[in-house]
Amino acid sequence: MTQSASKPAPQTFHVKSFGCQMNVYDGERMTELLSARGMTPAAEGADADLVVLNTCHIREKAAEKVYSDIGRLRREDGSRPMIAVAGCVAQAEGPEITRRTKSVDIVVGPQAYHRLPGLIDDVMAGRDAVDTDMPADSKFDVLPGRARRSGTSAFLTVQEGCDKFCTYCVVPYTRGAEVSRPWRAILDEARALVDGGAREITLLGQNVNAWTGEDDKGRLQGLDGLIRALDALPDLARIRYTTSHPNDMTQGLIDAHAEVGKLMPYLHLPVQAGSDRILKAMNRSHTRESYLRVIERVRSARPDIALSGDFIVGFPGETESEFEETLSILRESAYAAAFSFKYSPRPGTPAADMADQIAAEVMDERLQRLQAEIINHQIAFNQASVGKRTTILLERKGRQPGQLVGKSPWLQSVHVEAGDARIGELIEVDLVSAGPNSLGGVIVSRQAA
Ligand code: 5AD
Ligand code: SF4
């Protein structure tokens with residue numbers, strides 16, 4: 001990409017993140033980085049001098065979205081903002097993006113976004129601005145400190161990348177090898193988030209339960225050690241983590257669910273499929289049985305834990321009876337929530353070249369059947385909560401005036417008539433009604449139980 005003319009310095013910016021929670025976190029860090037450069041955030045992309053599209057490459061539909069979004073940024077007078085494509089599409093497609101559309105100025109991968117200010121300078125000087133390096137120096141060492149004000153519930157990346165190489169998945173290519181951030185950097189960032197107002201922290205990683213590092217005394221710790229250290233932060237009320245791989249559920253982490261009061265009773269543990277033949281073809285490196293045994297151990301440590309999972313339907317070669325094994329593992333696992341996707345062949349992954357790709361109509365039909373089951377489970381789980389007294393963390397306004405929405409320990413959204421209660425408070429509620437995606441609650445006390 002060679003720019004013919006230099007451009008004026010952008011004063012305002014807008015970051016739009018798609019896809020997973022780690023992209024939301026990266027988007028926040030980019031916002032802090034650009035603010036530290038003296039730029040001002042704009043509420044809408046249309047008003048900004050620079051728009052950063054922080055993209056997702058996990059499925060084709062998500063990846064294609066970026067191109068329609070780029071088109072939409074053209075203004076009525078024919079002008080457009082400076083456009084940066086960041087995130088996993090940037091990593092996977094690199095310079096191809098600027099070949100496909102002339103409207104992109106910057107391409108920056110998920111491990112290189114700390115270099116965004118320099119890339120803006122490159123555009124202004126008329127130089128190429130494509131950076132999809134996976135540099136040895138960590139972006140975390142360069143990014144400015146966390147903003148002074150955090151939301152009630154904050155994300156904190158502790159681990160990034162994946163060495164598992166499931167045959168359908170682009171993550172090991174777009175996010176790179178598994179890297180754990182150092183203990184001290186994580187605890188300092190957690191403290192800054194709590195000082196900024198966060199009551200809940202969700203530790204993020206593509207394989208978050210593979211996190212490992214040395215504590216301040218040089219002792220080797222796993223994610224459970226990190227959770228126990230966070231438990232000691234007085235103003236932090238809740239700890240969560242996502243996403244976990246079944247093979248990395250250590251006994252220490254399972255025990256933490258029984259012993260650490262701030263660790264919420266929720267576990268996102270994707271299984272993807274219920275048939276051993278498909279799991280093997282996916283290179284999941286666990287079986288149906290070994291997965292079920294892990295959740296049995298988790299449930300015996302924390303009987304009220306809410307489990308959630310991810311499922312892929314229509315993996316190459318999946319037969320009707322293999323799909324039925326997915327339905328049956330869903331029933332056996334009794335998930336509180338689950339996310340299901342049609343298999344999407346991703347360029348460069350082994351499964352994309354496998355024989356027996358499944359017809360679109362078959363995938364549609366299987367997805368519908370799976371989702372119908374999932375909704376039944378969600379409704380059953382939510383209905384079983386009605387009548388319970390619990391604590392919710394108030395996070396946002398509801399649609400009705402006077403209403404606030406909080407999260408239960410099991411990650412359910414709970415709507416309440418707020419009265420004097422405020423966002424950021426933990427309040428005691430009675431759960432009184434349930435739908436597939438949320439619950440109704442009545443405040444018992446503004447003091448958390
Ligand atoms: N096709 C469909 N779903 C996928 N996922 C990952 N890769 C693909 C793909 N190629 C799903 C998995 C994963 C979730 C984040 O996205 O279920 O757990
Ligand atoms: Fe992708 Fe598998 Fe790694 Fe999860 S464990 S990020 S599905 S390769």
Side-chain angles (χ1 to χ4, degrees), residues 17-25 55-65 87-89 91-92 110-111 157-180 202 204-211 223 241-249 267-275 278-287 290-291 294 307-318 323 326 329-330 333 335 337-354 356-358 360 362-364 366-367 370-371 374:
S17 291
F18 305 88
C20 65
Q21 291 156 325
M22 195 174 286
N23 261 13
V24 175
Y25 173 88
T55 59
C56 172
H57 200 251
I58 198 93
R59 286 169 290 275
E60 189 182 0
K61 224 164 145 189
E64 284 301 311
K65 197 171 173 347
C88 291
V89 174
Q91 191 63 41
Q111 305 308 350
T157 293
V158 302
Q159 180 280 335
E160 222 177 321
C162 184
D163 298 339
K164 303 277 191 291
F165 290 93
C166 299
T167 52
Y168 51 81
C169 186
V170 288
V171 167
Y173 312 97
T174 57
R175 288 274 170 179
E178 279 180 20
V179 177
S180 293
T202 302
L204 297 182
Q206 270 88 34
N207 270 298
V208 71
N209 57 346
W211 183 88
L223 187 68
Y241 62 94
T242 196
T243 290
S244 299
H245 191 281
N247 290 4
D248 293 321
M249 282 312 292
L267 176 63
H268 183 58
L269 198 65
V271 64
Q272 314 294 358
S275 131
I278 295 292
L279 287 171
K280 193 153 198 276
M282 287 178 162
N283 193 32
R284 285 292 295 174
S285 60
H286 62 79
T287 62
S290 68
Y291 176 84
V294 170
L307 275 184
S308 70
D310 288 342
F311 293 92
I312 295 175
V313 301
F315 185 81
E318 184 189 67
F323 167 66
T326 293
I329 202 167
L330 176 85
S333 307
Y335 293 99
F339 306 89
S340 52
F341 310 100
K342 283 188 274 188
Y343 167 71
S344 171
R346 308 309 295 125
T349 60
D353 297 325
M354 287 180 185
D356 287 336
Q357 299 281 325
I358 303 294
V362 176
M363 282 207 241
D364 286 337
R366 288 182 187 166
L367 187 71
L370 184 65
Q371 288 186 337
I374 289 172

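Any value given below was found using the heavy atoms of this structure, including those in side chains, with hydrogens, waters and symmetry copies removed. As the structure lists them, so they are numbered: ligands from 1, and atoms in each ligand from 1.
Closest heavy-atom contact between Val158 and Trp211: O-CD1, 3.1 Å. Looking at every heavy atom in both residues, Gly314 comes nearest to Tyr343 through O-CB, 3.4 Å.
When only non-hydrogen protein atoms are considered, atom 2 (C) of ligand 1 lies nearest to Lys342 O, 3.3 Å. The nearest protein atom to atom 16 (O) of ligand 1, hydrogens excluded, is given as Arg59 NH1, 2.9 Å; this is a heavy-atom distance. From the protein, the heavy atom lying nearest to atom 6 (C) of ligand 1 is Ile58 CG1, 3.5 Å. Counting only heavy atoms of the protein, atom 14 (C) of ligand 1 lies nearest to Asp310 OD2, 3.5 Å. Nearest protein heavy-atom contact of atom 1 (Fe) of ligand 2 is Cys169 SG, 2.3 Å. Protein heavy atom closest to atom 7 (N) of ligand 1, with residue, atom name and distance, is Tyr168 CD1, 3.3 Å.
Between the side chain of Thr55 and the backbone N or O of Val89, at least one donor-acceptor pair lies under 3.5 Å. When atom types are taken as modelled, the side chain of Glu64 and the backbone of Arg59 share no donor-acceptor pair closer than 3.5 angstrom. A distance-only check finds no donor-acceptor pair linking the side chain of Thr174 to the backbone of Gln91 [under 3.5 Å]. Between the side chain of Asn209 and the main chain of Ser244, no donor-acceptor pair closer than 3.5 Å is present. A donor-acceptor pair is defined here as one N or O able to donate and one able to accept, closer than 3.5 Å; such a pair exists between the side chain of Gln159 and the backbone of Gly161.
The side chain of Ile312, and not its backbone, has at least one atom closer than 4.0 Å to an atom of ligand 1 (non-hydrogen atoms only; side chain from C-beta on). Looking at Cys166 against ligand 2, both its backbone and its side chain come within 4.0 Å, counting heavy atoms. Residue Pro270 does not touch ligand 2, judged by heavy-atom distances below 4.0 Å.
At least one heavy atom of Arg284 sits closer than 4.0 Å to an atom of ligand 2.
The shortest distance between side-chain heavy atoms of Arg366 and Lys342 does not fall below 4.5 Å.
Among the atoms of Cys162, none of the N, O or S atoms falls under 2.8 Å from atom 1 (Fe) of ligand 2.
Donor-acceptor pairing under 3.5 Å is recorded for the side chains of Gln371 and Ser340. Side-chain polar atoms of Gln111 and Glu160 form a donor-acceptor pair below 3.5 angstrom.
Close contacts between ligand 1 and Ser344 involve ligand atoms 1 (N), 2 (C), 9 (C), 10 (N) [criterion: under 4.0 Å to a heavy atom]. Using a 4.0 Å cut-off to heavy atoms of Pro172, the atoms of ligand 2 that qualify are 8 (S). Atoms of ligand 2 found under 4.0 Å from any heavy atom of Tyr168, numbered from 1 in the order shown, are 7 (S). Shown in contact with Tyr343 at under 4.0 Å from a heavy atom are these atoms of ligand 1, numbered in order with element: 1 (N), 2 (C). Near Gln272, with a cut-off below 4.0 Å to any heavy atom, the atoms of ligand 1 are 12 (C), 13 (C), 17 (O), 18 (O). Numbered from 1 in the order shown, with element, the atoms of ligand 2 that lie under 4.0 Å from a heavy atom of His245 read 5 (S).
Using bins of under 30°, 30° to 60° and over 60° for the plane-to-plane angle, the ring pair Tyr335/Tyr291 lands in the tilted bin.
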